[in-house]
Amino acid sequence: MKVKELTEILEGSVIYGEDFLEREVFTACGSDMMSDVLAYVKEQAVLLTGLVNPQVVRTAEMMDMKCIVFVRGKKPDIAMIDLAQEREIPLIGTNMEMFTACGKLYAAGLRGGSGR
Amino acid sequence: MGELNFKYDVLKNDFTCAGEASGKIKRTLKDLGFDSNLIRNVAIAVYEGEINMVIHAEGGVITCDISPECITVTLDDKGPGIPDVDLAMQEGFSTAPDNVRQLGFGAGMGLPNIKKYTDDMVIETQVGVGTKITLKFLVK
């Protein structure tokens, strides 16, 4: 699924990364707990989270994640956007709650990782 | 390629910058052309270690030695030390304060995660003095 498609499905808006909308994501992970995100490697993943702090972008960077979605209308601050820009990770915002956002993407064919 | 050495300072309670050192190591390994899975393992393990240093210690030093066969990272902090290493290695055990949990850490996954992504992990710790963790990643 392309970043552009998941943005449409989530009725979201692009906070940063208009240039990366054609990027493909294969798996997804929804969590506010970064330690849990770091426990399971996923390929070409999108991270859905309601947490807003620079460690969200850092976690995505370490995990080679392709996109971050902020749920429940959460807005990253300018320092986070700058960091995402440096690391070339697109940021998407949606007003949907975590459960709904994950459910919509799952219904559209996106899956979790191997669970290892 | 010969041996390369890097050194980074980690500051106490600097959550904004936590991840700078691991990010730099990650980009260096990428520039040197290492396998992307290996790089990710190093990045995740060092990042968890760096977060631990920021949360629990008075800051410290991260070193990274890179050879064609092995990447060795040490995380050396001045801090409270770990009274019971076996307990600290259990998933879910955490002594992190609430403000750290609000940042998405402190789930008691740090040390178990580090071990999971490394080929060898050695913890040397002394209560009231500090902790030194040595991580080895074999280049396959």
Side-chain angles (χ1 to χ4, degrees), chain A residues 23-27 29-66 68-72 74-89 91 98 113-116, chain B residues 10 13-27 29-30 34-55 73 88 90-96 98-118:
Chain A
R23 193 180 270 186
E24 284 280 352
V25 298
F26 298 143
T27 56
C29 173
S31 182
D32 289 353
M33 187 48 89
M34 294 301 110
S35 300
D36 284 346
V37 175
L38 289 162
Y40 302 105
V41 164
K42 295 175 167 62
E43 293 305 322
Q44 303 247 125
V46 51
L47 172 64
L48 294 97
T49 188
L51 190 70
V52 273
N53 69 55
Q55 298 313 327
V56 174
V57 181
R58 305 247 190 220
T59 299
E61 176 196 3
M62 302 310 160
M63 299 292 281
D64 294 325
M65 285 175 150
K66 300 297 169 192
I68 301 170
V69 174
F70 295 101
V71 298
R72 310 193 288 270
K74 297 275 180 165
K75 299 262 186 296
D77 64 14
I78 192 73
M80 286 179 70
I81 297 170
D82 286 347
L83 191 59
Q85 198 165 356
E86 277 173 36
R87 305 297 187 258
E88 299 190 338
I89 302 171
L91 306 179
M98 177 73 97
S114 61
R116 278 189 299 116
Chain B
V10 178
N13 280 331
D14 191 350
F15 286 109
T16 314
C17 290
E20 272 297 303
S22 15
K24 279 178 188 157
I25 290 172
K26 184 173 200 260
R27 289 190 290 281
L29 295 175
K30 198 175 171 190
F34 282 98
D35 171 70
S36 61
N37 287 322
L38 173 71
I39 296 174
R40 187 162 52 195
N41 288 350
V42 175
I44 296 169
V46 179
Y47 180 53
E48 285 276 21
E50 196 178 349
I51 294 281
N52 273 349
M53 289 170 90
V54 172
I55 296 173
V73 178
Q90 283 179 21
E91 286 190 10
F93 178 80
S94 176
T95 57
D98 282 348
N99 66 324
V100 169
R101 289 170 209 268
Q102 282 160 16
L103 291 169
F105 293 91
M109 295 298 288
L111 285 174
N113 271 356
I114 294 172
K115 189 174 173 62
K116 179 173 162 181
Y117 290 108
T118 52

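Lettering of chains follows the sequences in order, A, B, ..., and the numbering in each one begins at 1.
- Taking chain B as the reference chain and counting heavy-atom pairs below 4.5 Å, the highest number among A/M62, A/M34, A/M33 is found for A/M62.
- Both the backbone and the side chain of A/T59 come within contact range of chain B, each with at least one heavy atom under 4.5 Å from a heavy atom of that chain.
- A/L38 and B/Y117 get closest at one heavy-atom pair: O-OH, 2.7 Å.
- Using a 4.5 Å cut-off on side-chain heavy atoms (C-beta onward), A/Y40 and B/K116 make contact.
- For B/N37, the part lying under 4.5 angstrom from a heavy atom of chain A is the side chain only.
- A donor-acceptor pair under 3.5 Å is formed between the side chain of A/Q55 and the backbone N or O of B/A18.
- Interface remark: of the candidates B/A107, B/G108, B/P112, B/A107 forms the most heavy-atom pairs closer than 4.5 Å to chain A.
- By the 4.0 Å N-to-carboxylate-O rule, A/D32 lies too far from B/R101 to be salt-bridged with it.
- Checked for salt-bridge contact, B/R40 and A/E61 miss the test: no charged N lies under 4.0 Å from a carboxylate O.
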Could you walk me through whether A/D64 and B/K26 satisfy the salt bridge (charged side-chain N to carboxylate O under 4.0 Å, His left out) test, starting with their C-alpha distance in whole Å, then the side-chain angles of each, then the deciding distance to 0.1 Å, before giving a yes or no? CA-CA 10 Å; A/D64 294 325; B/K26 184 173 200 260; 2.4 Å; yes

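- For the set B/G106, B/S36, B/G19, the count of heavy-atom pairs under 4.5 angstrom toward chain A peaks at B/G19.
- Distance alone, capped at 3.5 Å, places no donor-acceptor pair between the B/Y47 side chain and the A/M63 backbone.
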List the steps and the verdict of side-chain contact (heavy atoms from CB on, under 4.5 Å) for A/L51 and B/L103. CA-CA 7 Å; A/L51 190 70; B/L103 291 169; 5.7 Å; no

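- With chain A as partner, the option from B/T16, B/V42, B/I51 having the largest number of non-hydrogen pairs under 4.5 angstrom is B/T16.
- Salt-bridge check for B/E20 with A/R87: passed, with a basic side-chain N closer than 4.0 Å to an acidic carboxylate O.
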